[in-house]
Amino acid sequence: CICAVAFLTEKNAKVPQQDEATYYQTAQITNDRYISVGSQADTNVIDLTGDDKDDLQRAIALSLEESSRAFRETGITDEEQAISRWVLEASIAENKASLKRTHTEVWSDSPNPHDRKRQENCPVGLKNVGNTCWFSAVIQSLFNLLEFQRLVLHYSPPARMQDLPRNQKEHRNLPFMQELRHLFSLLVGSKRKYVDPSRAVEILKDAFKSSESQQQDVSEFTHKLLDWLEDAFQIKAEEDREGEQPKNPMVDLFYGRFLAVGVLEGKKFENTEMFGQYPLQVNGFKDLHECLEAAMIEGEIESLHSAENSAKSGQEHWFTELPPVLTFELSRFEFNQTLGRPEKIHNKLEFPSMLYMDRYMDRNRDITRIKREEIRRLKEHLTVLQQRLERYLSYGSGPKRFPLADVLQYAMEFASSKPVCTSPLEDVDTTALPGGTTAQLTPPASTGEQPDTSVPAEGSGSGPQAQQQQRVSIHKPFTQSRVPPDLPMHPAPRHITEEELRVLEGCLHRWRSEVENDTRDLQASISRIHRTIELMYSDKSMMQVPYRLHAVLVHEGQANAGHYWAYIFDPHQQQWMKYNDISVTKSSWEELVRDSFGGYRNASAYCLMYIDDKKPFLIEEEFDKETGQMLSGLDKLPPDLKEYVEADNKLFVREMEEWDALQARKLQQEKLALAAASVAAQPMKYMEQQSPTEDSKHLQEDTERAISKAAAEHDEKSPEALLNTAMKVEYTRLLRFAQEDTPPERDYRLLHVIVYFIHNQAPKKIVERSLLMQFADRNLGFDERCKSIMKVARAKLELIKPDEVNMEEYEMWHQDYRKFRDTTVFLLIGLELFLKKSYVEALMYLIFAYQYNKELLAKGPYRGHDEVLIGHYRRECLLKLNEHAAVLFETGEETEVNAGLSIMNELVVACIPLLLVDEMEEKDMVAVEDMRNRWCSYLGQEMEPNLQEKLTDFLPKLLDCSTEIKSIHDPPKLPSYSTLELCERYGQVMTSLTLSRTPADGR
């Protein structure tokens, strides 16, 4: 259906494109119609090349009809219900306005060019220049095919390219080929971490004739790309040929042939056709081989193997020639007729790293048919065995079923229980019942008399009286001394003789053993059949056509929007690499499986690229013919491209040099400014000190109290002795604060830096110097005792040698404390604004509180605040903003809609990568999915065209799954709080959170 949608969305298609429309079609002998690969023959082919609206509606109806079977089999999930309803109609109508997007909205380059410098031997990434992750995924997959890379790099334009192109294809394809050569050469030899593909992308945009913000389908783009490359090489081949048939390397590399053997209305036909990318249906299959088997056999094929003519129709496909690069399109989209829009299939589909194609080759046709028939018989037998096993494992005639072996075991346990001769109610104390009689509780006699109805049935009645009538005294294990000896633990038979028990136990034991043996035999037979089917094609004769997995293109998102990236195998490092736009990182088969098989979140493989394992030239490096050394970097490039890359590298080196010079000037200016400030501050030593701030007053009072207490306790009145005692007194006080177990609203680390240091086990020398600095404060006091102690403290500071206290470490600890206070202020203001429901203002404070706090916690668990608590309110703030923006969008008013989208673009979308960067935070991942689903749900609603246009432009930004951190606003300017004020306000806001019962992950 997606291919049909793509075809229907071609704008102003006056002339039918036969080479594209019949890409995967097999001509029948009897007429000019086509049979599409992967679908049954359609005798009602609709011509969509004209302007007939009736044909258009018939095509949509046909698409709906074709998808109905898969829909009935699988249904839809709750998540799928929340996604697009109008994508098909929107694709047909298509937005006529061009949706503009600037590059900086997608990627914000770091101003520091050193951040954009390529690491040694690291592959180069591709910049996303506006929903072009599909471009990056495909181009990187092809670039890492070294044979393809060589063909592109060494492509020489035709001689007549200097003249005006003769037709539209040449006018488009040859410039694109030149830009692709430039792009590949930069990927080979650039000094940049990633390069900009804008020029090549701009040429592609005209060909797709769709909105810039409409995310392109990977298979559609790959078709187009291979077509263009084939045309470009064909032009060159025709120019170079010398009376021979021109040879096109693109055709040799990517195209194969298959034989279609079929029957149509009783008439047999056999045709050979060429194919490029081979489409496979995903829905209803568990692995790649099942998909291929289904694609190779269509319709009723029994008549193919019989001599008699039949009215049945069907066909088989047999590969006669496989291309060196074998590409499978996994069709993960189907049309939901109920919702009237296409949906993505998230089912799990496994595929191997080594694929053997022998069973699909025409030369193995006879043996494959024999094996398929054997597999068919085995599966029929397997179905019978599984049905039999199910009868053993789910025994019973009622709604609840149990394993038969367990049922027999339970019966044996019941029979073996101690028999009792009384009713289970006879030993119950009934004194609490009205009348004190047990007659009301005993079962009715066998004479058929009805029980006394004076006791209401269970659950009947209401009010205290009815409840009192139902209350009986039972054994209370915590108030009575022991269990009554005659009270059975389980139900037991009333009467059973030893002879009856012996016979019954013997039968039950024997039956249970028989059932267990039968179950084991069935399970073993089923396992053997599964193993036989798995090994059906494992003999060496059917493992002669190996294809190794080269690349996997992954899509995460929904049918209408999402994000693409690629996993590509590096054979030289024997390492899977993940190419995600500008990010190229080492990966693993386990990560590939998680993201590509499907069933995990919304990510799954969309395209598989296998290469012939018997053709090593596809991935072999090039060697110098004279020296025999492997070529690398710029040595791989022809002269014109080498010159092009060297010029770009020089520009980048110059940019780094200019940056370094600019930073050196800034550093020099800062040093001069600091020196000037230092000189200006020199006279202050001899002038009267400024009035102490509120913080210093508070610190001064604490210090003076410690001195007074030391003076009262100490007989010796020398300043040095008093200083030592006062420091011990102060340290003891602060240590008591550090050791106290306090609630969240009272954090003594804010009270004093020493408390913070004790919590985090700062070195002893750091603590001593910090405490000494407190007593060396010039604002300590004006009485002689304090002044003398201050002078002694300052003298001690001067005597401390540089090797005794590492001043860099000292400054680092104090810097961390200042950062802790800043984090507290960010958190305090953010929570205050959150409680006032000022979510727009609160977000940035909570964002920076989380970031600062995370940096602190990386150094130790007590360096910062509770990360879960901050993360909770950061997440809640984003969810509130998302909901508020959605409500504004729902109004439909221009100003309100713009305000809502502005909130999303400037705040929510910019902050989503912060939540995605740590996949261990499951609640953050769920919150992101909730926000995305909230906006995707609008796709199923009727709305004005201008709203659809805005939504179409916005959704790709929201669904971009990259964790690349975009530019965020500068930190808000923090007010200056005294220590007492900060502690007080922090305590108040934490108390408010407790009183408001706002959950924070259980805290």
Side-chain angles (χ1 to χ4, degrees), residues 695 698 734 737-738 742-762 766 770 809-836 838-878 907 910-911 913-915 917-918 921 923-924 965 968-994 998 1000-1001 1003:
D695 255 0
H698 170 66
L734 298 174
F737 282 136
T742 60
E745 59 268 18
R746 196 162 68 242
D747 192 337
Y748 286 136
R749 291 175 300 171
L750 295 171
L751 201 61
H752 201 290
V753 66
I754 300 296
V755 179
Y756 181 81
F757 285 174
I758 295 172
H759 266 282
N760 292 285
Q761 299 179 343
I766 303 294
S770 300
E809 185 181 15
Y810 176 85
E811 288 299 329
M812 182 272 291
W813 276 95
H814 281 268
Q815 184 178 349
D816 281 355
Y817 182 67
R818 289 191 292 271
K819 193 168 192 175
F820 171 70
R821 283 180 61 100
D822 287 347
T823 303
T824 306
V825 177
F826 277 129
L827 177 59
L828 166 64
I829 298 175
L831 292 176
E832 287 177 342
L833 291 169
F834 182 90
L835 292 173
K836 295 176 182 177
S838 302
Y839 304 119
V840 173
E841 296 83 358
L843 180 62
M844 278 302 112
Y845 287 99
L846 292 173
I847 289 292
F848 281 100
Y850 188 90
Q851 294 304 111
Y852 280 26
N853 196 67
K854 189 172 184 179
E855 294 171 7
L856 288 170
L857 292 179
K859 297 182 179 182
Y862 300 105
R863 294 285 184 108
H865 292 286
D866 182 359
E867 186 176 26
V868 176
L869 178 123
I870 305 177
H872 170 78
Y873 285 101
R874 180 185 67 162
R875 184 170 57 249
E876 285 297 309
C877 195
L878 281 168
L907 296 175
C911 294
L914 298 174
L915 273 64
V917 73
D918 187 1
E921 290 294 337
K923 289 184 173 61
D924 285 347
I965 306 298
I968 301 179
H969 300 290
D970 293 331
K973 188 174 181 181
L974 295 179
S976 178
Y977 291 138
S978 69
T979 297
L980 292 178
E981 185 181 7
L982 179 60
C983 292
E984 183 181 354
R985 293 186 64 168
Y986 181 78
Q988 289 173 351
V989 75
M990 296 303 291
T991 302
S992 299
L993 295 182
T994 305
T998 306
D1001 298 286
R1003 283 168 169 73

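Computation of the quantities below employed the complete heavy-atom set of this structure, encompassing side-chain atoms and omitting hydrogens, waters and symmetry-equivalent molecules.
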* If you measure from CD1 on I766 to CD on E811, what distance do you get to the nearest 0.5 Å? -> 9.5 Å
* Asked: Okay, side chain of R749, backbone of Y817: is any donor-acceptor separation there less than 3.5 Å?
  -> no
* Asked: Going from CE on M990 to CG on L828, what distance comes out if it is rounded to the nearest 0.5 angstrom?
  -> 10.5 Å
* Between CZ of F826 and CD1 of I870, what distance do you get to the nearest 0.5 Å? -> 11.5 Å
* **With sequence neighbours excluded, residues passing ring pair (Phe, Tyr, Trp, His ring centres under 6.0 Å) with H814** => F757, Y810
* Structure fact -> Separation between CD1 (I758) and NE2 (H752), nearest 0.5 Å, reads 9.5 Å
* Asked: So does E832 pair up with R985, basic N to acidic O under 4.0 Å?
  -> yes
* Structure fact -> Rounding to 0.5 Å, atoms CG (L843) and CG (L907) come to a distance of 5.5 Å
* **Heavy-atom side-chain contact between I829 and P975 under 4.5 Å** => yes
* Asked: Mind checking whether L846 and L831 have side chains closer than 4.5 Å, heavy atoms only?
  -> yes
* Whether Y756 side chain and R863 backbone form a donor-acceptor pair below 3.5 Å -> yes
* Asked: How many angstroms lie between atom CD1 of I847 and atom CG of L878, to the nearest 0.5 angstrom?
  -> 5.5 Å
* Do N760 side-chain atoms and A762 backbone N/O form a donor-acceptor pair below 3.5 Å? -> no
* **Under the ring pair (Phe, Tyr, Trp, His ring centres under 6.0 Å) test, residues paired with H865 that sit two or more places apart** => F820, Y986
* Asked: Are any non-hydrogen side-chain atoms of V755 and H759 less than 4.5 angstrom apart?
  -> yes
